[in-house]
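Hydrogens, waters and symmetry mates play no part in the numbers below; they use all other heavy atoms, side chains included.
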Amino acid sequence: MKQISRVWGVHMGEHVGNRPLDEGYVAIGWSALGDPRQYADRETIKAALAEHYPDKKAGSRPVDAGILYRFAYEMQAGDIVVYPSKHDRMVNIGRFTGTFDHIADDPDDYPNHRGVEWILHLPRNEFGQSVLNEIGAFITVFLIQRSADTFLGKLGVSGSAGVMPEDEPAVEVEDDDTATVAVSKQAELTTGDFIIRQIMTKLSGYEFEEFVAHLLECMGYTARVTQRSNDGGVDVIAHRDKLGFEPPILKVQCKRKTDQTPRPEVDQLLGTLGEGEYGLFIGLGSFSRQSVELERNRPKLRLIDGEQFVELVIENYSKLSPRYRTMLPLKQIYVPDLPG
């Protein structure tokens with residue numbers, strides 16, 4: 001059978017924001033090593049890691065060396081890359097262009113870049129939990145195998161993904177601490193996916209507004225949902241005092257959607273604000289770059305994206321009514337809190 005493009009997963013830190021998507025690349029770090037293409041194989045990379053990162057555990061060097069080797073030598077033009085961006089809860093799918101650049105002064109401290117033509121940007125809830133678990137593998141670079149056909153299908157590509165040789169693992173073998181951190185972070189991501197999936201399937205748009213009002217009440221506000229029509233972009237009104245006469249007054253726009261919210265929708269909310277009123281826009285997805293820039297310049301505006309909304313739900317879970325705790329059955333667990 002003819003081998004077609006392999007499907008790679010790449011993770012980058014939240015601090016990169018939208019830059020890799022806007023500029024067409026994925027990137028990894030280890031800046032002290034210089035260009036990894038100067039090292040011929042994994043063993044020379046491991047030796048360089050020991051020299052330049054002497055304080056890192058020896059058990060992490062085979063993992064790091066494998067990541068660097070794959071990024072420098074094994075990824076090929078035409079291979080598919082999947083980048084789950086945690087900051088906006090999106091799954092980004094593209095194709096490697098074949099370019100490799102080492103940018104020593106990269107602002108994100110990720111100097112090693114591979115060019116990508118980004119093709120699709122899909123909300124996480126478009127994928128099943130088993131797919132999300134595989135791409136949540138918290139190794140910087142890994143080969144996607146079990147779910148590869150899912151991503152190829154999204155691109156309209158038929159057939160099976162190319163595979164690695166039998167002696168090459170899909171994911172580098174982790175040391176104990178790395179594996180423990182991965183499990184902890186995966187638990188957090190899975191909980192967030194579950195909360196958003198339940199809201200999307202169990203609540204209508206208006207019921208979501210009622211849930212937001214209830215959550216605000218759990219946070220100490222008095223809140224009410226506006227009429228279903230002619231609300232002028234305002235779904236919930238909240239205030240600290242019981243009667244609602246004393247400022248500040250919160251005007252809340254609720255969007256039960258997991259895609260990106262553009263600036264015009266945020267502008268609509270801003271247009272409703274009067275003296276002593278503040279705007280709160282809550283969505284289950286992310287906000288466009290223009291919306292985020294607007295928030296930075298408007299002290300009366302706050303944007304709550306899907307990840308932040310999940311955090312608010314978890315923080316106030318014990319105060320939720322039995323109805324909502326039944327909809328979102330969660331239990332408290334403790335997971336290791338090691339540095340990632």
Side-chain angles (χ1 to χ4, degrees), residues 14 17-18 86-90 123 125 192 195-196 198-200 202-321 323-324 327-328:
E14 289 186 67
N18 286 322
K86 190 172 182 291
H87 75 281
D88 58 4
R89 299 188 62 82
M90 298 291 283
N125 69 306
I195 290 173
I196 289 181
Q198 288 294 97
I199 290 173
M200 291 295 294
K202 303 292 186 181
L203 299 180
S204 66
Y206 186 75
E207 289 169 335
F208 177 58
E209 295 169 12
E210 292 179 324
F211 178 53
V212 169
H214 177 68
L215 182 60
L216 287 169
E217 289 181 337
C218 293
M219 296 168 63
Y221 290 89
T222 297
R224 60 181 174 87
V225 179
T226 63
Q227 295 182 358
R228 298 196 187 200
S229 60
N230 299 321
D231 59 10
V234 177
D235 301 312
V236 176
I237 295 177
H239 37 81
R240 287 291 188 181
D241 70 301
K242 295 294 183 181
L243 297 178
F245 291 121
E246 298 178 10
I249 306 291
L250 298 187
K251 288 186 172 179
V252 188
Q253 173 78 317
C254 308
K255 288 295 183 182
R256 180 187 149 276
K257 64 177 186 177
T258 56
D259 53 355
Q260 191 174 86
T261 298
R263 173 167 173 168
E265 295 187 20
V266 180
D267 285 332
Q268 183 185 23
L269 175 62
L270 276 176
T272 70
L273 302 183
E275 185 177 353
E277 296 178 340
Y278 292 76
L280 178 63
F281 201 119
I282 295 178
L284 299 179
S286 61
F287 292 90
S288 69
R289 181 173 56 187
Q290 293 81 5
S291 298
V292 174
E293 291 173 352
L294 179 64
E295 180 192 29
R296 291 173 182 156
N297 296 316
R298 297 296 180 92
K300 289 189 173 184
L301 174 66
R302 177 73 192 277
L303 306 179
I304 301 292
D305 60 22
E307 183 177 357
Q308 293 167 321
F309 186 72
V310 165
E311 291 175 356
L312 289 177
V313 171
I314 293 173
E315 288 172 5
N316 295 278
Y317 185 77
S318 63
K319 302 175 186 176
L320 294 180
S321 70
R323 170 195 172 190
Y324 292 120
M327 182 189 74
L328 299 172

Check: Would you call Lys251 and Leu273 a side-chain contact if the rule is heavy atoms closer than 4.5 Å?
Finding: yes

Rounded to the nearest 0.5 angstrom, the CG-CE distance for Asn125 and Met90 is 9.5 Å

Taking the side chain as every heavy atom from C-beta outward, state whether Val212 and Val252 have any pair of such atoms under 4.5 Å apart.
yes

Asp241 vs Tyr221 side-chain heavy atoms within contact, under 4.5 Å:
no

Ring pair (Phe, Tyr, Trp, His ring centres under 6.0 Å) pairs touching residues 279-305, sequence neighbours excluded, are Phe281-Phe287

Sorted by chain and number, sequence neighbours left out, salt bridge (Lys or Arg N to Asp or Glu O under 4.0 Å) with Arg224 holds for none

Those residues at least two apart in sequence (or on a different chain) that pass side-chain contact (heavy atoms from CB on, under 4.5 Å) with Ala223 are Ala213, Leu216, Glu217, Val236, Ala238

Sorted by chain and number, sequence neighbours left out, side-chain contact (heavy atoms from CB on, under 4.5 Å) with Lys202 holds for Gln198, Met327

Expected list for residues 297-310: side-chain donor-acceptor pairs under 3.5 angstrom, two or more places apart:
from, atom 1, to, atom 2, distance (Å)
Asn297, ND2, Glu293, O, 3.1
Asp305, OD1, Glu307, N, 3.3
Asp305, OD1, Gln308, N, 2.9
Glu307, OE2, Lys86, NZ, 2.6
Gln308, OE1, Asp305, N, 3.0

Rounded to the nearest 0.5 Å, the CG atom of Leu269 sits from the CD atom of Gln253 at a distance of 6.0 Å

Those residues at least two apart in sequence (or on a different chain) that pass side-chain hydrogen bond (donor to acceptor under 3.5 Å, both in side chains) with Ser291 are Ser288

Side chains of Phe208 and Asp235, heavy atoms from C-beta outward: is any pair under 4.5 Å? no

| request: Please confirm whether Tyr324 and His214 have ring centers closer than 6.0 angstrom. | output: yes

| query | Tell me, do Leu280 and Ile282 make a side-chain contact under 4.5 Å, heavy atoms counted? | reply | yes

Residues Leu320 and Val313: closest non-hydrogen pair is CD1-CG1, 4.4 Å

By salt bridge (Lys or Arg N to Asp or Glu O under 4.0 Å), Lys319 pairs with (sequence neighbours left out) none

With sequence neighbours left out, the residues meeting salt bridge (Lys or Arg N to Asp or Glu O under 4.0 Å) with Arg289 are Asp22

So OG1 of Thr272 and CD1 of Ile237: to nearest 0.5 Å the spacing works out to 8.5 Å

For Asp259, the side-chain hydrogen bond (donor to acceptor under 3.5 Å, both in side chains) test, sequence neighbours excluded, returns none

Residues at least two apart in sequence or cross-chain that pass side-chain hydrogen bond (donor to acceptor under 3.5 Å, both in side chains) with Glu265, listed by chain then number, are Lys257

Nearest heavy-atom approach of Met200 to Thr258 is SD-CG2, 4.1 Å

Heavy-atom distance under 4.5 Å between the side chains of Arg89 and Ile196, does that happen here? yes

Pro248 meets the side-chain contact (heavy atoms from CB on, under 4.5 Å) criterion, sequence neighbours left out, with Tyr278

Q | Arg256 side chain vs Gly283 backbone, donor-acceptor pair below 3.5 Å | A | no

side-chain hydrogen bond (donor to acceptor under 3.5 Å, both in side chains) filter on Ser204, not counting sequence neighbours, yields Glu207

